[in-house]
Amino acid sequence: MMKNLALLLVALCGAALLTAASKPARTSPPPAAKVNWNTVVARTPLDSHLLGNPNAPVKLVEYISYTCPHCAHFEQESDAQLRIGFISGGKGSIEVRSFVRDPVDLTAALLTHCGPASKFFGNHSAFLRHQTTWMAPLANLSDGQKARWSNADFGARTRAIASDLGFYSLMEARGYDRPQLDRCLADKALAERLAQHTKEAGEKDFVNGTPSFLLNGVPLSGTYSWAALKPQIEARLR
């Protein structure tokens, strides 16, 4: 009887081993895909654009004027470093707000906003990095050009500025066609909102020049360059 019981136990153990062997091995779930925050762009209710993790612990706001040479210099110095050390890991986000100073600045701002939000930062960079080229004709405007820039019709006025300063070719190189650009240049409602946002920036955030910055909602006094801004960002990332 003991021999039969031993044989039964051996048979049961063998069956259990076969059953276990037939089951697929458990595997850990695949790791979550890493987000490329440098491709995440959202348009905000303030008609600004936010790049990066919207829940980032450190939030930078930039007030930018496209006719401001210091803004162009800031873009060239800071863009790569901000994208690599601030945006990519999800620790920081950048929100760009237009601070409209003049009709040329407004026309450029309308075109940077043209199309989906995903194209904004490319448009923004193109205007700032080519600023010296498109601003050069401003020193030699003819009387006829000045008259066209004073046209009572809003769309005609912005189209004249865009034509005389080479904005059409700048944007066409980025994949836009002329009818699309003309529609963006005729967006008077957006122009009026940008003007209102500019006024509110002076009243609420104490912006009286560009570039100007907020870090986590706090205006940075005396900070107008990448050299001055960089250590303040690094301090908040620690």
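Nothing here was measured: the structure is a model prediction, and the numbers come from that model.
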Exercise. Does a side-chain heavy-atom distance below 4.5 Å link L181 with F167?
Worked result: no

Problem set entry | Side-chain donor-acceptor pair present, E200, Q196, cut-off under 3.5 Å | yes

Problem set entry | Sidechain-backbone polar pair: D205 side chain, A201 backbone, donor-acceptor under 3.5 Å | no

Exercise. With a 4.5 Å limit on heavy-atom distance, are the side chains of P219 and L214 in contact?
Worked result: yes

For this session: For residues V207 and T198, determine if any side-chain heavy atom of one lies less than 4.5 Å from a side-chain heavy atom of the other.
Result: no

For this session: Using a strict 4.0 Å threshold on nitrogen-to-oxygen distance, state whether R83 and D79 make a salt bridge.
Result: yes

Exercise. Heavy-atom distance under 4.5 Å between the side chains of W37 and K91, does that happen here?
Worked result: no

Seminar exercise, completed: C114 and M171 have their tightest heavy-atom pair at CB-CE, 4.4 Å

Exercise. In a check of side-chain contact (heavy atoms from CB on, under 4.5 Å) between Y63 and each of C71, C68, S212, S48, which one passes?
Worked result: S212

Problem set entry | Test log, rule side chain to side chain contact (heavy atoms under 4.5 Å, CB included), inputs H49 and T112 | CA-CA 10 Å; H49 289 79; T112 62; over 6 Å; no

For this session: May I ask you to check whether F74 and F213 place their ring centers less than 6.0 Å from one another?
Result: yes

Exercise. Taking C-beta and beyond as the side chain, do H124 and I64 meet within less than 4.5 Å on heavy atoms?
Worked result: yes

Problem set entry | Worked check of side chain to side chain contact (heavy atoms under 4.5 Å, CB included) between L110 and C184 | CA-CA 6 Å; L110 289 174; C184 292; 5.5 Å; no

Problem set entry | cation_pi(R43, F120) dist<6.0 Å, angle<=45 | no

For this session: Flag yes if more than 12 heavy atoms outside H197 fall under 6.0 Å of its NE2 atom; otherwise flag no.
Result: yes

Problem set entry | Contact check, side chains of V58 and L215, non-hydrogen atoms, under 4.5 Å | yes

For this session: Assess whether side chain to side chain contact (heavy atoms under 4.5 Å, CB included) is satisfied between L82 and E62, documenting all intermediate values.
Result: CA-CA 12 Å; L82 283 170; E62 304 173 11; 4.1 Å; yes

For this session: Decide side chain to side chain contact (heavy atoms under 4.5 Å, CB included) for H113 and D187; before the verdict, give the C-alpha distance in whole Å, the side-chain angles of both, and the deciding distance to 0.1 Å.
Result: CA-CA 10 Å; H113 284 70; D187 194 345; over 6 Å; no

Exercise. Of all heavy-atom pairs between G115 and Q180, which one has the smallest distance, and what is that distance?
Worked result: CA-NE2, 4.3 Å

Problem set entry | Any Y176 side-chain heavy atom under 4.5 Å of L111 side chain | no

